[in-house]
Amino acid sequence: MALVVTGSMKLLRKLFDRSRIPHALVTPLQCLFLLFVSLTPLAVAQQVSFRITLLRPVEELRAEALKSKPPAEEGTFRRPDLVELVKLDPTIKLDVRYATTNNFLGTPVYTQARAFLERPAAQALVLANHQLRDQGYGLIIHDGYRPWYVSKIFWDATPDDKKKFVANPAEGSKHNRGCAVDLSLYDLKTGEEVQMPSGYDEMTDRAYADYPGGTADERARRALLREAMEKRGFKVIPDEWWHFDYKDWKLYPIINVKFEDLGQ
């Protein structure tokens, strides 16, 4: 709120620094304006990612992660078949935060803003997107397949009290298998991402899939997203309303291929 008020005061100075407004009216008008700001929902608040205090610089961690190897796995797995989501359905929007500074680390981790899933999961996601379009919404993707080395960066950078929100690279994650997706909804009329009970990657209890707070509309949109995804074989995880795992994730191996090596 402090940032909002500071920005509002700058706007006020521009609005009220005019000779045609009687000086006696400026203070009352300022008060009314600030009251309006304090009662108005912060429409862009969830667009700014939650931030952590890094344990070590990301570039240092990246160098180590790229030299490391994923855990050895036993068993027989399907051959990976990663599909770029927007090539299956161009109406799916992308907001790949990890390719920008707008993420919980505060620095880019991906070299390209792209999103992939294993083909069956990608096809199921497209069906969910089509279903939601009938209700005025589309899917906006924050993350899909995640190379293993990126999971290691996340783990090594995150303080212990927040580690439940990131996957242990010693075990690998469903993102590493191309069978997990982080996503939300956007309004087809405005093209803007909708408000949910928390922002993406927010490491608080507001992020829980069953968090009872927020507005009724936010909870309803969260439930709509969950219903559409679960109908197509995905399951939400308890700590993050935006994170869904595909039912067949156990059939795929941990992958550590960079986006730029997946072709165009």
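Quick caveat, the model's predicted, so the values are computed rather than measured.
For the residue pair D182 and H175, a side-chain donor N or O sits within less than 3.5 Å of a side-chain acceptor on the partner. A donor atom on one side chain and an acceptor atom on the other are found under 3.5 Å apart for D89 and T91. Inspection of the D201 and Y98 side chains reveals an N or O donor paired with an N or O acceptor under 3.5 Å.
Cluster partners of F77: none. The rule joins Ile, Leu, Val, Met, Phe, Trp and Tyr whenever side-chain heavy atoms lie under 4.5 Å apart, and it links nothing here. Connectivity analysis of hydrophobic side chains (ILVMFWY, heavy atoms under 4.5 Å, direct or indirect) links Y252 to L251. In the hydrophobic clustering, L188 connects to I140, Y186, either directly or through intervening members, whenever side-chain heavy atoms lie under 4.5 Å apart.
With hydrogens and angles ignored, the 3.5 Å screen pairs a side-chain donor or acceptor of W148 with a backbone N or O of P169. Proximity of a side-chain donor or acceptor of D217 to a complementary backbone N or O of R221 within less than 3.5 Å is not detected.
Nearest heavy-atom pair, T100 versus N102, reported as atom, atom and distance to 0.1 Å: OG1-N, 2.9 Å. Taking all atoms of both residues into account, the shortest heavy-atom contact from P147 to N256 is C-OD1, 3.9 Å. Heavy-atom minimum distance, H243 versus A180: NE2-CB, 3.8 Å. In terms of heavy-atom proximity, S173 sits nearest to A167 at CB-CB, 3.3 Å.
Every residue meeting the side-chain hydrogen bond (donor to acceptor under 3.5 Å, both in side chains) condition with R206, not counting sequence neighbours, appears here in chain and number order: E202. Residues satisfying the salt bridge (charged side-chain N to carboxylate O under 4.0 Å, His left out) criterion with D143, sequence neighbours excluded, are R146. Looking at residues two or more places apart in sequence or on another chain, you find no side-chain hydrogen bond (donor to acceptor under 3.5 Å, both in side chains) involving T158. Legend: residues meeting salt bridge (charged side-chain N to carboxylate O under 4.0 Å, His left out) with D261, ordered by chain and number and at least two apart, are absent. Scored by the side-chain hydrogen bond (donor to acceptor under 3.5 Å, both in side chains) test, Y211 finds no partners at all (sequence neighbours excluded). Contacts of R222 classified as side-chain hydrogen bond (donor to acceptor under 3.5 Å, both in side chains), with partners at least two apart in sequence or in another chain: none. With sequence neighbours left out, R114 forms a salt bridge (charged side-chain N to carboxylate O under 4.0 Å, His left out) with E84.
Taking the six-membered ring wherever Trp is involved, the centroid distance between the rings of F104 and F165 does not fall below 6.0 Å.
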Practice item. Report the C-alpha separation of D95 and R97 in whole Å, then their side-chain angles, then the decisive distance to 0.1 Å, and conclude whether the salt bridge (Lys or Arg N to Asp or Glu O under 4.0 Å) test is met. Key: CA-CA 6 Å; D95 179 17; R97 302 282 183 88; 2.8 Å; yes

Practice item. Would you please test R78 and D248 for side-chain contact (heavy atoms from CB on, under 4.5 Å) and show each step? Key: CA-CA 10 Å; R78 289 181 180 175; D248 292 336; 4.3 Å; yes

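Rounded to the nearest 0.5 angstrom, L139 CG and L85 CG are separated by 9.5 Å. Rounding to the nearest 0.5 Å gives a distance of 6.5 Å between CG of L66 and CD1 of I153. In this structure, the separation between CD on E118 and CG on D81 is 6.5 Å, given to the nearest 0.5 Å.
The side chain to side chain donor-acceptor pair (under 3.5 Å) pairs that include a residue from residues 65-74 are E73-R177, where partners are two or more places apart or lie in different chains.
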Run the side-chain donor-acceptor check on residues 227-237: report pairs under 3.5 Å with partners two or more places apart or on a different chain.
from: E230; atom 1: OE2; to: R226; atom 2: NE; distance (Å): 3.1

